[in-house]
Amino acid sequence: MNPLFALPLYRDGMTADTVLLFRYIFAIPIVALMIWMRGRSFSIKKKEILPLALLGLTFSLSSLTLFESYNHMDVGIASTLLFVYPILVAVIMSVFFKEKFTIAIAICLIMATFGIALLYKNDDGSTLSLSGTLFVLASAISYAIYIVAVNKSSILRNIPTLKVIFYVLIFGSLLFAVRIGVAGEI
């Protein structure tokens, strides 16, 4: 659904930053309402602020690089390439958390690489955009790191998922606001 809403806005002159800032800003009250309707608290502890801010930065970086890739390559290919992130999660878990690197993970890595190779050339003979591919891979890596961090953080383990999402959206929206301000798009 990402490209469905982003591409018409790009054509109307919006940038990835402005599209994502509005997306995050619209999501924040919806998530807040869900937290409120469940009778949960919005409070967080001081020690949770930095991990939540880092998660927000990581998640927004994933969004930003994916949306930037849409400016460099076909959105269908970009969205397909993004789905190497589960394999990247498995690799991160194997390398940094000593989870067993199984034959299934190795086969998935090989198949993903083969799949990307199949997408390398379009029907007209043109190849994938290197910058677009790098943006998508940065998005997949950022998202994989986000998933691992959410699941492995001892500090965030006891925070309800909706509250994590709420603060991730708040901190993530700050990245887009700063980038928009620096670029003078306001």
Side-chain angles (χ1 to χ4, degrees), residues 1-37 42 44 49-89 112 115-116 119-120 122 126-150 156 159-186:
M1 298 295 289
N2 288 332
L4 181 65
F5 294 103
L7 294 181
L9 295 173
Y10 286 179
R11 283 191 292 272
D12 286 341
M14 292 180 76
T15 65
D17 288 301
T18 53
V19 169
L20 287 166
L21 178 61
F22 281 110
R23 180 178 180 195
Y24 278 44
I25 287 174
F26 288 142
I28 290 169
I30 294 168
V31 175
L33 181 63
M34 293 169 70
I35 293 170
W36 179 76
M37 288 179 69
F42 287 88
I44 55 174
I49 294 171
L50 181 60
L52 287 168
L54 292 173
L55 276 180
L57 181 63
T58 305
F59 188 74
S60 61
L61 183 62
S62 176
S63 299
L64 180 60
T65 51
L66 177 63
F67 277 58
E68 282 295 338
S69 75
Y70 297 161
N71 292 316
H72 300 272
M73 65 190 328
D74 179 77
V75 296
I77 292 174
S79 298
T80 301
L81 291 176
L82 176 66
F83 284 94
V84 301
Y85 80 84
I87 298 164
L88 296 174
V89 168
I116 291 169
L119 293 173
Y120 179 69
N122 292 325
S126 64
T127 59
L128 288 179
S129 158
L130 177 60
S131 57
T133 303
L134 291 175
F135 276 124
V136 173
L137 291 178
S139 178
I141 291 167
S142 299
Y143 192 56
I145 292 169
Y146 169 82
I147 290 170
V148 170
V150 165
L156 302 177
I159 301 176
T161 303
L162 278 177
K163 190 187 288 188
V164 170
I165 293 169
F166 177 75
Y167 284 102
V168 162
L169 290 170
I170 288 173
F171 287 118
S173 64
L174 294 175
L175 172 72
F176 306 123
V178 167
R179 285 178 47 90
I180 290 167
V182 168
E185 295 178 29
I186 295 177

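Only this structure's heavy atoms are used, side chains among them; waters, hydrogens and symmetry mates stay out.
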message = Could you go through Thr18 and Ile180, starting from their C-alpha distance and side-chain angles, then the distance that decides it, and tell me whether this counts as side-chain contact (heavy atoms from CB on, under 4.5 Å)?
response = CA-CA 7 Å; Thr18 53; Ile180 290 167; 3.7 Å; yes
ask   = side-chain contact (heavy atoms from CB on, under 4.5 Å) between Phe176 and Phe22: does it pass, once the steps are laid out?
value = CA-CA 9 Å; Phe176 306 123; Phe22 281 110; over 6 Å; no
query = Which is it for Val182 and Val178 under the side-chain contact (heavy atoms from CB on, under 4.5 Å) test, yes or no, and what are the steps along the way?
reply = CA-CA 6 Å; Val182 168; Val178 167; 4.2 Å; yes
task = Any chance you could lay out the side-chain contact (heavy atoms from CB on, under 4.5 Å) test for Phe135 and Leu66, step after step, and finish with the verdict?
result = CA-CA 6 Å; Phe135 276 124; Leu66 177 63; over 6 Å; no
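You'll find the side chain of Pro3 reaches within 4.5 Å of the side chain of Ser79, heavy atoms only. Using a 4.5 Å heavy-atom cutoff, the side chains of Val150 and Leu156 are not in contact. A 4.5 Å side-chain heavy-atom check between Thr15 and Arg179 finds every atom pair outside the cut-off. In this structure the side chain of Leu81 reaches within 4.5 angstrom of the side chain of Leu128, judged on heavy atoms. Counting heavy atoms from C-beta on, the side chains of Leu57 and Phe171 never come closer than 4.5 Å. Between Asn2 and Tyr70, the closest side-chain pair of non-hydrogen atoms falls below 4.5 Å.
Of the possible polar contacts, one joining the Thr58 side chain to the Leu54 backbone as a donor-acceptor pair under 3.5 Å is found.
For the residue pair Ser62/Ser139, the side-chain donor-acceptor check at 3.5 Å is satisfied. In this model, a donor atom of one side chain and an acceptor atom of the other lie less than 3.5 Å apart for Tyr24 and Ser63.
Pairing each heavy atom of Leu21 with each of Ser173, the nearest pair is CD1-O, 3.5 Å. Taking both residues in full, the closest heavy atoms of Ser131 and His72 are given as OG-ND1, 3.1 Å, listed atom of the first, atom of the second, then distance. When all heavy atoms of Ala27 and Leu169 are compared, the pair lying nearest together is CB-CD1, 3.7 Å. The two residues Ile87 and Ala112 come nearest to each other via the heavy atoms CD1-CB, 3.4 Å. Across all their heavy atoms, Ala16 and Glu68 have their closest contact at CB-OE2, 3.5 Å.
In this structure, CG in Leu82 is found 9.5 Å from CG in Leu88, a value given to the nearest 0.5 Å. Between atom CG of residue Asp12 and atom CG of residue Leu9 there is a gap of 6.5 Å, rounded to the nearest 0.5 Å. From Leu7, atom CG reaches atom CG of Asn71 across 8.5 Å, with rounding to the nearest 0.5 Å. Here CZ of Phe67 is found 4.5 Å from CZ of Arg23. Values are rounded to the nearest 0.5 Å. The CG atom of Leu61 lies 14.0 Å from the OH atom of Tyr143; values are rounded to the nearest 0.5 Å. Distance CD1/Ile28 to CD1/Ile170: 5.0 Å, rounded to 0.5 Å.
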Report, one line per pair, each donor and acceptor closer than 3.5 Å where one atom sits in a side chain of residues 159-168; sequence neighbours left out.
{"from": "Lys163", "atom 1": "NZ", "to": "Ser41", "atom 2": "O", "distance (Å)": "3.2"}
{"from": "Lys163", "atom 1": "NZ", "to": "Ser43", "atom 2": "O", "distance (Å)": "2.7"}
{"from": "Tyr167", "atom 1": "OH", "to": "Phe42", "atom 2": "O", "distance (Å)": "2.3"}

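Taking the six-membered ring for Trp and the full ring otherwise, the centers of Tyr85 and Phe83 sit less than 6.0 Å from each other.
Classification of the Phe59-Tyr146 ring pair by plane angle, with boundaries at 30° and 60°, yields tilted.
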